[in-house]
Every structure is written in structure tokens, then in C-alpha cells.
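What follows is one structure encoded as C-alpha cells, with my remarks underneath.
Reminder, nothing fancy here: chain letters follow the sequence lines and each chain counts from 1.
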Protein chains: 2
Amino acid sequence: MGSDDTNDTTKNERKPGRMSEQRQQRIRLEISREAARLFWEQGVAATTGEQIAAAVGLSVRTLWRYFRNKESCVEPVLAQDGEEFVALLRRWPRDVSLEDHLMEWAMNRTKDPDQQAFDQAVIKMTVLAEKEPDLRTVWLMTNDRIERALVEIFADRLRRSPDDIEVRLHAAAATAVVRVISEDVSAALMAGADPTSLGNTLGQMARAVHIATGGAIGDPVDP
Amino acid sequence: MGSDDTNDTTKNERKPGRMSEQRQQRIRLEISREAARLFWEQGVAATTGEQIAAAVGLSVRTLWRYFRNKESCVEPVLAQDGEEFVALLRRWPRDVSLEDHLMEWAMNRTKDPDQQAFDQAVIKMTVLAEKEPDLRTVWLMTNDRIERALVEIFADRLRRSPDDIEVRLHAAAATAVVRVISEDVSAALMAGADPTSLGNTLGQMARAVHIATGGAIGDPVDP
DNA sequence: CGCTATATTGTCACTTAGTGACAGATTCCT
DNA sequence: AGGAATCTGTCACTAAGTGACAATATAGCG
């Protein structure tokens, strides 16, 4: 059998004609950008799937293979911050307070110039989602997914079951306050507020979560 | 200018051919019932607007005049409990605790037999809304409307502005926990749980709201 | 009751969203 | 390069939802 270097001790998920996960995501993100731009410029109702597809250089049929419907095309943009937040919470050490963990992340955060343009789209869509009902549903669904993630994270941190009603209440309340603060900050930035004048948004979130969970989430926990 | 007897000191909203608000609502409710039944029996995707229209004896065109899209046909059913809850909170006296107010209402509550059948539909849709994404968006939008109502109610009770970020945080957290408890209770009832075995659902809600708002909402307030 | 102004409904034609099927192009692995 | 599987585009199709207009129903009034 000659060489065994190709031997997969780790299960090889790679299939013949499948394109990389990364490439898929980049296409979804590209669609999302264009959809966000069009929605912002001409409104959701006035934007057709054909326009979005053309802007990205895809056939309409392929567009619907990447997204179930028109509105969810902006889901990657709207979910951007939320997913980052969830990822951040997943690596939250048990012996650190939430506020410290968020602050420490904020310090080491580097601002990619390309990312910055994308953030602009995130803010625009978050603001637009307050008025446009079709986008609001996407925004709320995004937060619903965040809530489900927080259930797992909080259950783990509190060493309780994800089915525990208290855990679910904490996750729901925490997600809700984080969402409201996000909306508030987005609206302020859209109104032209100086980002530095907003003070410590993450600190505000940490405090709000602590309060909304009755103190259950935020402090360090033992082992 | 002749007679001024038709002069309307009180603005007369009644117009010639307009049908009563009551009648409109009854039709919407009727549509909602049938939509809920069909969605439950065959799923949302498999149910067409034509079927809903036929079930209630309307033309399809008229159906779309009552509801913007297929999914929102069940909105009246899904919003039922929430609107009742909001109405209840609107007449919450300042010198009474939330728990007492809810409990007192629960005691004087009479169970209309016709209403009971409707409640069954409410429970079914609430449960269905946990799995069916298309219904989940409607459910979340319903709760979003509840949240906005709570902002006004809480602002009034705390004698603060509805724009106050703290007020909005309290409303969001409160709505979130009430929603989760509703989902939980609906699931339990659907699973065949004895309604009496659920204990005091409203008391649980009152306590959850009190905690999720950091104690800001729940206790009696002065004047 | 019958008349009138106005709202509501149904029919028809139409645009757009979204899907299934199949052929051709593309991608990864060897 | 060769092959297996996936991805994409084209075509035909169903269903969602809307605008326009004629017919019908409703409330108020004499």
C-alpha cells in the first residue's frame, strides 16, 4: 500500500465537487452586501430578486439557492454583530466577569478598513429594520437564533440544563436587552453621533445583561 | 349658511357605506381560525391562500385585502393572549403589585365555552410557531408589538420618557420572559398537561418580570 | 321604505417570488 | 489528465400578491 500519508485519522469531510465552505460564505456575504445596498437605496419592496442577482452577477435561480427568500438576503449582514457577540461569549472564561471579558476584547480589537465599510451596512440595515416590517422579521429571527445560542452558553456556565426554564428566561432577557442596545447605538451612529461619544457600549451591555438576569449572568463562577 | 345642526362638535367617524369595526374584526378572526386549522392540519407551506379563502367563503382577492400575506393570517390568533395581557397591564393600578393585579384578574376570569375552543387554536399555533419558521416570524412580530406597548405602559408607571433607554430595556426584558413562559406553558398544555398542575402561571410571569427588570417593574409605586 | 353616498367585494389581467427538472460547467481529489 | 460529485443556468411552472374597474352591499337619512 505504499504511502499512508493520505490516511485520514481525522474524518475527511471534503467531497469531490463541493466548493469550500469559505467560498460559499463569501458568495452569501457578497449577495448580502448588494441586497443591503439596494434595500437601502430603493426600499425592500421596490427591489426585485432579479436586481439583486444581476448586481452580484448570478442567475436568479442561483440566488434562490443561496437564500430562501428576498428578505433573508440581508441576513448575513444583520447577523454579523450578533454572531461575533455569540462567538465572544463562547470563549468567555469562567473566572472572568462579563464586563471584563467584553472590555478586554474591545481593547485588542483591530479595525480592518474593509470591515469598516461592511459595518456601515450593518448599521444601515439595523436602522432600516426598525421601520421596514419585512426586514424587522429577519432581524427578530436573527435575535431568536442568538437567544437559542445563549441558552446553551448560559446552561453551560450555570451548570444547568438547557431545558431549565430559568436558563431560558435568562437567555431571552439577555438577548432582548442586547438587541435594544444595538438598535439604540445603531440609531445614534446613523444620526451622525461620534463613536467615541457613545462611551462604553459593551460595558453597558454587560451591565444590562447582569441586571436582566437577576445577577445570574455576569459575575465570575467558580471552577 | 342655513342650518348648522349637522355641525359636528364631536367628530363623527361613522361614514355611509363603512361596515362596523366590530364586523371587520369578526371576519379577521374567522379567517384566522380557518388559517390556523389548515396550518395545523397540513402545514403552512402546503396550505394555499385559495384554501383559506374557500374555507371562510371569500374570494382570494378579498383575503389579501384583510391580510398582507399568508402567514399573517394567523396573527389574530397568535396575538390573542398578548393583547389580553397588554390590556390587563393598561389598567394596572399604581398602588397594586403586578402579582396581585394578575392574580385578581385570574380569579374573576370567566371561561366562555366558545372562547375555550379558540384558546385551543392559540395553543396550537404557539407551539407550531416554535418549529415552523414562517410562523415564528409572525409570533416574534406579535411580541415586538407587545414590547412597544409595554414601553408606553412602563414609561407611564415609572414617570419616565418612552425614549428612555432604561424603560425600553425593561420592556424588552419583560416581553422576552413573558414570551418564554407562554411558549413553555403552551408546550406543556399541548403535551396533555393538566391546566391545574401548571400552578400559577401568571404569578410566575409577575415574578419573572420583576427579576428581568431589576426590580423596577412589579412593586406598587407611589402617587 | 327607498334613496344616495360610500365602502366592500369579486373578476380579470398582471408582476414577482420561488421551485422542480435537466443539461452543462466547475471543482476537488487522485 | 481523468472522474465523481457538486454547482450553475435555462426553461417551464405554481403560488403569492396587486391594480383597475364594475357590481354589490351597507349605513344614514327623509
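To the nearest 0.5 Å, atoms CD (B:Glu75) and CD1 (B:Ile31) are separated by 12.0 Å. Atoms OG1 and CD, on A:Thr142 and A:Glu83 in that order, are 8.0 Å from each other to the nearest 0.5 Å.
In the helix from C:dC1-D:dG30 to C:dT30-D:dA1, the terminal helix axes, each the rotation mapping four pairs' C1' atoms onto the next four within five end pairs, subtend 30°, rounded to 10°.
A:Arg168 has a carboxylate O that lies under 4.0 Å from a charged side-chain N of B:Asp184, or vice versa, which qualifies the two as a salt bridge. Using a 4.0 Å cut-off between charged nitrogen and carboxylate oxygen, B:Lys124 and B:Glu132 do not count as a salt-bridge pair.
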Per-nt protein contacts along nucleotides 9-19 of chain C (heavy atom under 4.0 Å; B base, S backbone sugar-phosphate only, - none) come out as BBB-----SBB
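For A:Asn108, the side chain to side chain contact (heavy atoms under 4.5 Å, CB included) criterion is met by A:Glu104, not counting sequence neighbours. Remark: A:Pro133 engages B:Arg68, B:Met141 in a side chain to side chain contact (heavy atoms under 4.5 Å, CB included) (not counting sequence neighbours). Take A:Glu34 and apply the side chain to side chain contact (heavy atoms under 4.5 Å, CB included) test, not counting sequence neighbours, and it matches A:Glu30, A:Arg37, A:Ala55, A:Val56.
Closest approach of B:Ile181 to A:Leu169, counting heavy atoms only: CG1-CD2, 3.8 Å. Residues A:Ala206 and A:Leu102 come closest through the heavy atom pair CB-CD1, 4.0 Å.
Contacts between residues 132-140 of chain B and DNA chain D, defined by a heavy-atom separation below 4.0 Å, involve no residue at all.
Rounded to whole Å, atom P of D:dA15 lies 13 Å from atom CD1 of B:Ile52. The distance from atom CD1 of B:Ile31 to atom P of D:dG17 is 14 Å, rounded to the nearest whole Å.
Remark: side-chain polar atoms of A:His170 are not paired, donor with acceptor, to backbone N or O of A:Leu150 under 3.5 angstrom.
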